[in-house]
Protein chains: 2
Amino acid sequence: MDRKQLIVDAATESFSRFGYKATTMDQVAKIANVGKGTIYTFFINKEELFDEIVSNLIKEMKQAAESSVHPERSLSQNVSFALYQLLEFRKDHQLTIKLFQEGRDIGTRAVVDFMDRVEAAIINYIKEVLQRAIDKGEIKPCNPEVTAFAMFKLYISLIFDWEKTRQPLNKEEISRLFELYFFEGLSLG
Amino acid sequence: MDRKQLIVDAATESFSRFGYKATTMDQVAKIANVGKGTIYTFFINKEELFDEIVSNLIKEMKQAAESSVHPERSLSQNVSFALYQLLEFRKDHQLTIKLFQEGRDIGTRAVVDFMDRVEAAIINYIKEVLQRAIDKGEIKPCNPEVTAFAMFKLYISLIFDWEKTRQPLNKEEISRLFELYFFEGLSLG
DNA sequence: AAATGACTATATTGTTCATTTAGTCATTTT
DNA sequence: AAAATGACTAAATGAACAATATAGTCATTT
């Protein structure tokens with residue numbers, strides 16, 4: 001069987017359960033039923049192994065987002081659905097939750113870098129979607145980079161920060177808030 | 001002369017220069033030209049001293065905001081001016097900058113508590129302004145608490161996070177973004 | 001009566017040393 | 001011969017302890 005895949009699976013498993021720092025290469029080898037040296041025939045070091053897994057994760061997220069975006073729908077509908085998708089994705093993926101925790105609480109270097117990469121990937125994706133919408137004249141011209149950044153940060157705040165002190169918002173509420181703030185605006189008529 | 005005020009001034013000075021943790025009571029006493037014991041005739045402990053200063057700061061911020069909000073102006077204008085005010089305030093007040101840094105980087109307990117208090121005060125203030133605007137029928141009905149929270153978080157992200165990786169936004173740009181996102185919306189006319 | 005600073009108990013920081021772990025490589029297995 | 005392995009090493013980590021720094025007290029001074 002594919003030893004490389006065994007290793008990747010084992011590492012994903014362990015990172016998801018214990019986080020990056022608390023995962024040892026001995027443990028990965030043991031879970032994968034593989035000698036430790038074997039890992040190093042496929043990956044330069046622990047960080048490279050982690051990198052492979054994070055890259056996969058980002059690809060998956062992109063696919064999840066893409067599957068929910070349809071060009072014939074309006075942008076605000078697409079954003080709404082994509083947000084749903086992202087929320088579902090996070091819920092299903094213990095790995096992202098664990099890593100976000102570790103990044104926030106311990107600040108492990110490699111993990112903070114991971115979070116930055118994920119953030120950059122998501123913002124860049126939103127940016128592209130926005131750019132297309134602007135080109136098609138679907139929304140007002142605006143700086144797509146700042147707008148994507150603002151959407152992402154607000155999204156993260158509503159998910160993580162709001163829950164710290166107040167009753168969590170459900171998906172419908174979050175979706176509705178985005179519609180209201182970013183698309184309709186608070187002004188009357 | 002007013003020994004209590006001397007102490008408060010000295011402590012403000014030291015907190016602004018070195019942060020909360022790196023400020024010692026000996027240092028405060030020395031700057032204030034006062035025996036250390038004297039500090040404890042006015043304040044229970046270091047945290048109470050800090051508290052007094054933070055309370056003053058919050059009062060000042062509220063006054064600054066109030067001086068820029070005029071009921072006869074539109075909400076979006078008021079928000080725009082208040083943002084200006086807040087940005088100016090931050091620039092002039094080394095203390096807020098230093099403390100925000102310390103809270104983020106070191107996570108000193110008392111400082112994180114301080115940040116939470118400032119955050120709560122600002123959000124509550126925005127909430128009141130929004131509530132009045134809704135009552136007057138100036139903007140669409142919306143949850144004023146979540147909206148205030150969203151405005152605050154977006155503001156903080158644009159000030160602090162955006163600058164980390166990209167060219168800082170100036171006051172006009174930030175003001176314009178708020179106008180666009182929260183009031184006009186991205187949807188076409 | 002108010003102010004003070006030497007003093008103490010506690011918290012913080014620096015240091016040492018034992019343990020853990022990433023990564024290597026000589027040996028074994030296929 | 002090529003791939004896999006795990007005992008081994010050097011480096012990182014962290015626990016335990018020592019040294020220092022600091023918050024807060026209180027007997028003495030002003």
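Chain letters run A, B, ... following the sequence lines, proteins first, then strands; residues in each count from 1.
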Report all interatomic pairs (protein N or O, nucleotide N or O of nucleotides 23-26 of chain C) with separations under 3.5 Å.
{"residue": "C/dG23", "atom": "OP2", "partner": "A/Y40", "partner atom": "OH", "Å": "3.1"}
{"residue": "C/dG23", "atom": "OP2", "partner": "A/K46", "partner atom": "N", "Å": "2.8"}
{"residue": "C/dG23", "atom": "N7", "partner": "A/K36", "partner atom": "NZ", "Å": "3.1"}
{"residue": "C/dG23", "atom": "O6", "partner": "A/K36", "partner atom": "NZ", "Å": "2.6"}

Inset, instruction - Run the numbers on B/E60 and B/N56 for side-chain hydrogen bond (donor to acceptor under 3.5 Å, both in side chains), then give the verdict. - result: CA-CA 6 Å; B/E60 274 185 71; B/N56 285 340; over 6 Å; no
Inset, instruction - Examine the side chains of A/D9 and A/Q5 and answer whether a donor and an acceptor come within less than 3.5 Å of each other. - result: yes
Legend entry - Paired nucleotide for D/dT29 [Watson-Crick or G-U wobble; both distances under 3.5 Å]: C/dA2
Legend entry - Whole-Å gap separating P (C/dA2) and CZ (B/F42): 9 Å
Legend entry - Nucleotide D/dT13, atom P - distance to OH of A/Y20 in whole Å: 11 Å
Legend entry - Over 12 non-hydrogen atoms of neighbours within 6.0 angstrom of NZ in B/K59: no
Legend entry - Within the 6.0 Å centroid threshold, strictly below: B/F15 and B/F50: yes
Legend entry - Nearest-Å distance for atom pair CZ/C1', residues A/R3 and C/dT30: 11 Å
Inset, instruction - Take atom CZ of B/F43 and atom P of C/dA3, then tell me their distance rounded to the nearest Å. - result: 13 Å
Legend entry - Atom CZ of B/R73 with >12 non-hydrogen neighbours under 6.0 angstrom: yes
Legend entry - Rounded distance (Å) that lies between atom P of D/dT13 and atom CD1 of A/I106: 13 Å
Legend entry - A/E47, CD: over 12 other non-hydrogen atoms inside 6.0 angstrom: no
Inset, instruction - Go through C/dA22, C/dT4, D/dT5 for me and flag the one nearest to the A/T41 side chain. - result: D/dT5
